[in-house]
Amino acid sequence: QVQLVESGGGLVQAGGSLRLSCAASEVTFGTYVMGWFRQAPGEEREFVATISSTGLNTFHANSVKGRFTISRDNAKNTLYLQMNTLKPEDTAVYYCAAGKISTPSPHWAEYDYWGQGTKVTVSS
């Protein structure tokens, strides 16, 4: 059982930056594909970014491409999401997820473990 704990959310003005972290309890963290998803009030869960187990391959949703960057440090069992040039439409609860899958995926159903989420609010 992998436990994931997100941190780093908060209130920021439009144009600002935040870095989210996701700490994993599992010592085999480096074998999991990881992803970030978000869910705004009244909206469905939305893919943000995913990264391969080694960190060599990353994919970002078009809505965040060029502004957000997913990365990981397997030695620290930690996943990151650097968010720059934030927009009010980025406001959501952000979740990290771990998947026992071979390739990065934008499909939330393919992930096995989820954190509790961290709230990001971007004011205009």
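All of these numbers come straight from a predicted model, not from anything done at the bench.
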Pairwise side-chain contact, [X] with [Y], heavy-atom cut-off 4.5 Å (strictly under):
| X | Y | answer |
| --- | --- | --- |
| Glu46 | Ser63 | yes |
| Gln3 | Val5 | no |
| Trp36 | Glu6 | yes |
| Trp108 | Gln39 | no |
| Ser53 | Thr31 | no |
| Val120 | Arg38 | no |

Do any N or O atoms from the side chain of [X] and from the backbone of [Y] form a donor-acceptor pair under 3.5 angstrom?
| X | Y | result |
| --- | --- | --- |
| Asn74 | Thr54 | no |
| Thr91 | Val122 | yes |
| Asp112 | Lys100 | yes |
| Arg72 | Val33 | no |

*When the ring planes of Tyr113 and Tyr32 are compared, do they come out parallel, tilted or perpendicular, using 30° and 60° as the limits?*
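It falls in the perpendicular class, over 60°.
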*Quick one: which of Ile70, Asp73, Leu20, Leu4 gives a side chain to side chain contact (heavy atoms under 4.5 Å, CB included) with Leu79?*
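It is Ile70; the other options fail the test.
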_Between Arg67 and Asp90, is the side chain to side chain contact (heavy atoms under 4.5 Å, CB included) condition met? List the steps._
CA-CA 11 Å; Arg67 301 187 298 121; Asp90 295 318; 2.7 Å; yes
Can you name the nearest heavy-atom pair linking [X] to [Y], along with the distance?
| X | Y | value |
| --- | --- | --- |
| Pro106 | Phe37 | O-CE2, 3.5 Å |
| Asn84 | Ser17 | OD1-OG, 3.0 Å |
| Ser123 | Leu11 | CB-CD1, 4.3 Å |
| Pro88 | Ala14 | CD-CB, 4.1 Å |

Path from [X] to [Y] over hydrophobic side-chain contacts below 4.5 Å:
| X | Y | answer |
| --- | --- | --- |
| Ile51 | Phe59 | no |
| Val48 | Trp114 | no |
| Phe47 | Val93 | yes |

*Taking ILVMFWY side chains as joined if any heavy atoms are under 4.5 angstrom apart, and letting links pass through other members, which residues group with Val27?*
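Other cluster members: none.
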_Point-to-point distance, once rounded to the nearest 0.5 Å, from CD of Gln82 to OG1 of Thr69_ =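 The OG1 atom of Thr69 is 7.0 Å from CD of Gln82, to the nearest 0.5 Å.
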*To the nearest 0.5 angstrom, please state how far the CE atom of Met34 sits from the CD1 atom of Ile101.*
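The CE atom of Met34 sits 10.5 Å away from the CD1 atom of Ile101.
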_Under the ring-ring contact (aromatic ring centres under 6.0 Å, His included) definition, can you give me all pairs with a residue in residues 75-99, not counting sequence neighbours?_
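For residues 75-99: none.
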*Give a yes-or-no answer on whether the side chains of Thr50 and Tyr111 include a donor-acceptor pair shorter than 3.5 Å.*
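Tyr111 and Thr50 do have a side-chain donor-acceptor pair below 3.5 Å.
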